[in-house]
There are 2 protein chains.
Amino acid sequence: MSPTRIPEATVARLPVYLRALNSLLDSDIRSCSSEELATAAGVNSAKLRKDLSHLGSYGTRGVGYDVEYLRYQISREIGLTQDWPVVIVGIGNLGHALANFSGFSSRGFRTVALLDADESRHGELVAGCPIRDFGELGQIVREHGVAIGVIATPASAAQAVCDQMIAAGIRSVLNFAPTVLSVPEDVDVRMVDLSSELQILAYHEQRKAPHVEGAPGTEGVA
Amino acid sequence: MSPTRIPEATVARLPVYLRALNSLLDSDIRSCSSEELATAAGVNSAKLRKDLSHLGSYGTRGVGYDVEYLRYQISREIGLTQDWPVVIVGIGNLGHALANFSGFSSRGFRTVALLDADESRHGELVAGCPIRDFGELGQIVREHGVAIGVIATPASAAQAVCDQMIAAGIRSVLNFAPTVLSVPEDVDVRMVDLSSELQILAYHEQRKAPHVEGAPGTEGVA
DNA sequence: AAGAGTTTGTGAACGTGCGAACAAACTGAA
DNA sequence: TTCAGTTTGTTCGCACGTTCACAAACTCTT
């Protein structure tokens, strides 16, 4: 049914389509055309159709897509029909926000442990889950079959945490620490770099403005 | 000096190079080859050289790059030599983390205001900055010349907040709310979708594992 | 000064992604 | 049944991004 590999660019958009479909279901819309769904997802309709065609033929010509059915097919393709236990390491401000983020838990991702090196915070409850010692990582991974780890530590600790995760058997890492992680071939790392995003915006903003008044940096703010 | 437009893919990597250069400077390394810098940035050396060639000829053949000089050139190209006032809207867990994130303030991005619709939180200090009412957005944008806005509200409020930002004069938006924003042509939006990243990892993880034991979802955790 | 050794910057080949256009397939009316 | 209208799935051309390979340019030794 899905003989060929799905292009990376398509994979990156599947979660967006999924969100759009959920949003349509919330509005009690049971069926939609590629045009409607594409608008809801913020993409071109041709691109949407091509993306979906990589998963199979789940639409009906002349009619459109059944929202519920398509949602299930995408969920299954991504792997959201199964349960994904996740550990979060580094419970600072960001780790705290991630632990409370409903978008994780509502998609089959289950936070099984929050870990931090700071002993003084052990036992503290965050989002109903106690903070435990980082040393327990191996045991937790084995016990729950954790495959995905989230790093929300300072940059200085990230590589060491990542190494420990891989030693414990984790093969997919979501990294929020602003540093490049080096990992073996068979381990996937995705990086979310908050300040990079702002810098990219700044670049385009600088190009938009014909010229900003005054010399940069020296004028005081009254 | 930079007559042609810089490719989007290159722009997205410039912040990574900048971080790598800063890291080298921290280790008192004053000069480096494309190979070294590429390793530090986690990319191919040919790609790095081609990326840098879009900015100009800032290296010396047979020698390499002067770390400090290259860092300045990239900073200038991105626009980090000037000051970027930023407003953050939605001071929940995530907004709180963003306000405290040092990676913003250390790169020329200055948080000039934290805004939230919840009156009960007005006046509360977060990262030394008081939470103010969302209604003050227009005045703050005018006063400080804010060009970049960060949305960290729930998805349901994001579009309205975005519309208000644009009405106030903001032309670049960094969106953390899990929803697609519709904006005019001349406004830039970058989306950071935390749960999408996890879903992409899950897709690849599912493909890696030959097959997970047992039926998914029904087995209890002892 | 000349030549061996390095390293950058770039031209060319290759692969991937995108958008338009169209054929295939379905619905519904006559 | 047949025909007009609609919408999907796919083919094709083009632009963008990546990697290889090499010429240009620099340093250092002899």
Side-chain angles (χ1 to χ4, degrees), chain A residues 1-17 20-21 24 29-71 73-74 77 185 200 203-204, chain B residues 1-17 20-21 24 29-71 73-74 77 185 200 203-204:
Chain A
M1 283 300 169
S2 53
T4 55
R5 194 184 99 274
I6 298 179
E8 197 52 39
T10 297
V11 171
R13 280 188 294 267
L14 291 181
V16 181
Y17 301 153
L21 288 169
L24 289 178
I29 298 172
R30 311 291 289 267
S31 169
C32 69
S33 69
S34 65
E35 200 72 48
E36 292 172 86
L37 184 54
T39 303
V43 301
N44 186 301
S45 71
K47 179 150 56 178
L48 170 74
R49 287 199 301 277
K50 185 176 293 192
D51 282 343
L52 294 184
S53 76
H54 286 116
L55 314 189
S57 260
Y58 298 135
T60 310
R61 302 183 188 208
V63 179
Y65 300 93
D66 181 278
V67 176
E68 180 104 35
Y69 181 59
L70 183 57
R71 182 179 68 150
Q73 292 299 342
I74 294 180
E77 192 68 38
E185 184 91 8
I200 295 168
Y203 170 81
H204 292 297
Chain B
M1 281 303 165
S2 54
T4 56
R5 194 185 98 277
I6 297 179
E8 197 51 39
T10 297
V11 171
R13 282 188 293 267
L14 291 181
V16 180
Y17 301 154
L21 289 167
L24 289 177
I29 297 173
R30 312 291 289 267
S31 170
C32 68
S33 68
S34 65
E35 199 71 47
E36 292 172 87
L37 183 54
T39 302
V43 300
N44 186 303
S45 70
K47 180 150 52 177
L48 170 74
R49 287 200 301 276
K50 179 154 287 194
D51 282 342
L52 294 184
S53 76
H54 286 115
L55 314 188
S57 262
Y58 297 135
T60 312
R61 301 180 189 211
V63 180
Y65 300 93
D66 183 279
V67 176
E68 181 106 35
Y69 180 60
L70 182 58
R71 182 178 70 147
Q73 293 299 342
I74 294 180
E77 192 68 39
E185 184 92 8
I200 295 167
Y203 170 81
H204 292 298

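Throughout, a chain's letter reflects where its sequence line sits, starting with A, and its residues are numbered from 1.
When the side-chain nitrogen and oxygen atoms of A:Ser57 are compared with OP1 and OP2 of D:dG9, one or more of them lie within a distance under 4.0 Å.
Annotation: the span from B:Gln73 atom CD to B:Leu21 atom CG amounts to 11.5 Å, rounded to 0.5 Å. The structure places NZ of B:Lys47 at 13.0 Å from CG of B:Leu52, a figure rounded to the nearest 0.5 Å.
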Working note: A:Ile6 + A:Asp51, criterion side-chain contact (heavy atoms from CB on, under 4.5 Å); need CA distance, chi angles, decisive distance, verdict. CA-CA 9 Å; A:Ile6 298 179; A:Asp51 282 343; over 6 Å; no
With side-chain contact (heavy atoms from CB on, under 4.5 Å) as the criterion, how do B:Tyr17 and B:Leu48 come out once you've worked through the C-alpha distance, each side chain's angles and the decisive distance to 0.1 Å? CA-CA 9 Å; B:Tyr17 301 154; B:Leu48 170 74; 3.6 Å; yes
Stepwise side-chain contact (heavy atoms from CB on, under 4.5 Å) test for B:Val11 and B:Glu77: CA-CA 9 Å; B:Val11 171; B:Glu77 192 68 39; over 6 Å; no
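Both A:Pro7 and A:Asn44 sit near DNA chain C, but only A:Pro7 has its closest nucleotide nearer the 5' end. Position along DNA chain C of the nearest nucleotide to A:Thr60 versus B:Leu52 favours B:Leu52 as the more 5'-ward residue.
With D:dA23, D:dT19, D:dG9 as the choices, the nucleotide that has an atom nearest any side-chain atom of A:Arg61 turns out to be D:dG9. When distances run from any side-chain atom of B:Glu8 to the nucleotides D:dT8, D:dG17, D:dT10, the shortest one goes to D:dG17. Listed nucleotides: D:dT8, D:dA23, D:dG9. Nearest to the side chain of A:Ser33: D:dT8.
A side-chain donor-acceptor contact under 3.5 Å links A:Ser33 and A:Glu36.
Contacts of residues 62-70 of chain A with DNA chain D (heavy atom under 4.0 Å): A:Gly62, A:Val63, A:Gly64, A:Tyr65.
Distance CG (A:Leu48) to C1' (D:dG9): 12 Å, rounded to an integer number of Å. Between the NE2 atom of A:His54 and the P atom of D:dT10 there is a distance of 9 Å, given to the nearest Å. As a whole-Å value, the separation of A:Asp51 CG from D:dT8 P is 14 Å. The NZ atom of A:Lys47 sits 14 Å away from the P atom of D:dC16 (whole-angstrom rounding).
Where DNA chain C meets chain B (any atom under 4.0 Å from a heavy atom), the bounding nucleotides read 5' to 3' are C:dT6 to C:dA12.
Nearest heavy atom pair, residue B:Ala20 against residue B:Leu37, reads CB-CD1, 3.8 Å. The nearest pair of heavy atoms linking B:Arg49 to B:Tyr65 is CG-OH, 4.0 Å. Across all their heavy atoms, B:Cys32 and B:Leu24 have their closest contact at SG-CD1, 3.9 Å.
A donor-acceptor contact under 3.5 Å is formed by the side chain of A:Arg49 with the base of D:dG9. Judged by distance alone with a 3.5 Å cut-off, a donor-acceptor contact links the side chain of B:Lys50 to the base of D:dT19.
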